[in-house]
Number of protein chains: 2
Amino acid sequence: MSRHPDRDQIRIESVLSALGSPVRLAVVRVLDAGGEHNCGSVLGLLGITAKSTMTHHWRVLRESGVIWQHPSGRENLLSLRRDDLDARYPGLLDAILAGADDDEALEKARRLMAVGGRDRSET
Amino acid sequence: MSRHPDRDQIRIESVLSALGSPVRLAVVRVLDAGGEHNCGSVLGLLGITAKSTMTHHWRVLRESGVIWQHPSGRENLLSLRRDDLDARYPGLLDAILAGADDDEALEKARRLMAVGGRDRSET
DNA sequence: TGCATTGTTCGGCAACTTTAGTACAGTCGA
DNA sequence: TCGACTGTACTAAAGTTGCCGAACAATGCA
């Protein structure tokens, strides 16, 4: 069931397209913030989504080399492959995570402006 | 015909999914290496592909905020939005471009090994 | 003005992605 | 051993992407 690529089998295109999805980027942010998670706990933090849907996303993240996924008891623990990603692509993950935070802050600020400052240009 | 996002409308997910494609990543590497290009010159460097296919890729790169595309005479000049990307996501573009170079070098080395060193594990 | 050049738009097609429902397999606790 | 729990496998529908040919628009040169 596994299929994790070795460190030197990771390709940047796969990493980028894996992270170029809102759901999967959110997963990676959760994993970066916390320690160990099982599938269900991440699923809870993201709000909705069916288990089978997430199984699909786990596979994309796993096969692109972004996460480790290993069974432990009846759970399947998830963790970021930070060491491998940092080794292959120094600064990439940090830049992406910082960028995601930045986007979120910017979005939040924009919403405040829309309420307090009379939004002028949006529909 | 344009539709370029403002700097603060750029979202990291769009950038990542734009660059998570071999063709578009190659385009960005070409733009990073050289100065100004028109559509045809990049198309030539990538080998094949129909013009209309590339028009599609230009749009993805343009609308995600990765490139500028502006008409000049009968050509359409392309350039990387390096300043905007660096401002929004410091280190991201450098990490990606370095990673792409690294992947390519690794791939090249692997091919040499396969010829000289008797490849053991591949199909 | 006529023609070649440059790239866009449009329509269609195949392949892939995302999502979810249902059924199932492994593990832990009672 | 039985049942609850965790997650995968399989299937399928809906949407998206990538690719291309043909027609079109804009420009510049002769």
Side-chain angles (χ1 to χ4, degrees), chain A residues 1-4 11 13-28 30-31 34-80, chain B residues 1-4 11 13-28 30-31 34-80:
Chain A
M1 161 270 291
S2 279
R3 220 79 294 267
H4 293 79
R11 313 292 274 101
E13 296 153 13
S14 312
V15 172
L16 296 179
S17 79
L19 298 184
S21 135
V23 177
R24 291 190 295 260
L25 185 54
V27 168
V28 168
V30 168
L31 293 182
E36 286 218 298
H37 287 269
N38 61 24
C39 300
S41 73
V42 177
L43 200 150
L45 291 174
L46 296 183
I48 16 162
T49 25
K51 286 188 300 175
S52 53
T53 300
M54 291 316 287
T55 297
H56 159 70
H57 290 301
W58 305 140
R59 179 161 54 202
V60 175
L61 288 167
R62 193 189 339 116
E63 294 186 345
S64 64
V66 174
I67 64 171
W68 290 117
Q69 190 181 23
H70 63 96
S72 162
R74 59 181 149 182
E75 304 185 340
N76 223 332
L77 298 180
L78 305 166
S79 56
L80 253 186
Chain B
M1 162 270 291
S2 279
R3 220 79 294 265
H4 293 79
R11 314 293 275 99
E13 295 153 12
S14 313
V15 173
L16 295 180
S17 78
L19 298 185
S21 133
V23 176
R24 291 191 295 260
L25 185 54
V27 167
V28 168
V30 167
L31 293 182
E36 286 219 298
H37 287 270
N38 62 24
C39 299
S41 73
V42 178
L43 199 151
L45 291 175
L46 296 183
I48 18 164
T49 26
K51 285 190 299 176
S52 52
T53 299
M54 291 315 288
T55 297
H56 160 68
H57 290 302
W58 307 140
R59 178 162 57 202
V60 175
L61 288 168
R62 194 192 335 118
E63 294 186 347
S64 64
V66 175
I67 64 170
W68 290 117
Q69 190 181 23
H70 63 96
S72 162
R74 59 180 149 183
E75 304 184 341
N76 224 331
L77 298 181
L78 306 166
S79 56
L80 251 188

Taking D:dG7, C:dT18, D:dT17 as options, the one with an atom nearest any side-chain atom of A:His56 is C:dT18

Between B:Ser21 and B:Ser17 (side chain of the first, backbone of the second, donor and acceptor by atom type, cut-off under 3.5 Å), is there such a pair? no

Within this structure, what is the CG-to-P distance between B:Leu19 and D:dG18, rounded to whole angstrom? 12 Å

Counterpart residues, side chain to side chain contact (heavy atoms under 4.5 Å, CB included), relative to A:Arg59 (two or more places apart): A:Arg62, A:Glu63

For C:dT8 and B:Gln69 - does any side-chain N or O of the residue sit under 4.0 Å from the phosphate oxygens OP1/OP2? yes

Qualifying residues under side chain to side chain contact (heavy atoms under 4.5 Å, CB included), relative to A:Val60, sequence neighbours excluded: A:Ala18, A:Arg24, A:His56

Are the side chains of A:Val27 and A:Met54 in touch, meaning some heavy atoms are under 4.5 Å apart? yes

Under 4.0 angstrom between B:Asn76 side-chain N/O and C:dT8 OP1 or OP2: yes

If you check every side-chain atom of B:His57, which of C:dT8, D:dG18, D:dG7 has the closest atom? D:dG18

Which residues pass the side chain to side chain contact (heavy atoms under 4.5 Å, CB included) test with A:Val28, sequence neighbours left out? A:Leu19, A:Leu61, A:Val66, A:Leu80, A:Leu93, A:Leu97

Sequence neighbours excluded, the answer for side chain to side chain contact (heavy atoms under 4.5 Å, CB included) partners of B:Ser52 is B:Ala50

Atom pair distance, as rounded to whole Å: CG in A:Leu43 and P in D:dT8: 11 Å

Have a look at A:Arg24 and say if it touches a base, only the backbone sugar-phosphate, or nothing, with a 4.0 Å heavy-atom cut-off. sugar-phosphate

Could you state the CG-P distance from A:Leu25 to C:dT18, rounded to the nearest angstrom? 13 Å

Between CG of B:Leu46 and P of D:dC19 the distance, given in whole Å, is 11 Å

Taken to the nearest whole Å, CZ/A:Arg3 to P/D:dA9 is 13 Å

When the distance from CH2 of B:Trp58 to P of C:dT6 is rounded to whole Å, what number comes out? 14 Å

Indicate for each nucleotide in nucleotides 22-30 of chain C, in 5' to 3' sequence, whether protein heavy atoms under 4.0 Å reach the base (B), only the sugar-phosphate (S), or nothing (-). ----BBB--

Whole-Å distance separating the CD atom of A:Glu75 from the P atom of D:dG7: 6 Å

Closer than 4.0 Å, any side-chain N/O of B:Thr55 to the OP1 or OP2 of C:dT8? yes

Whole-Å distance, B:Glu63 CD to C:dT8 C1', equals 13 Å

Taking side-chain hydrogen bond (donor to acceptor under 3.5 Å, both in side chains) as the definition, give me every residue that meets it alongside A:Glu75, ordered by chain and number, with sequence neighbours left out. A:Asn38

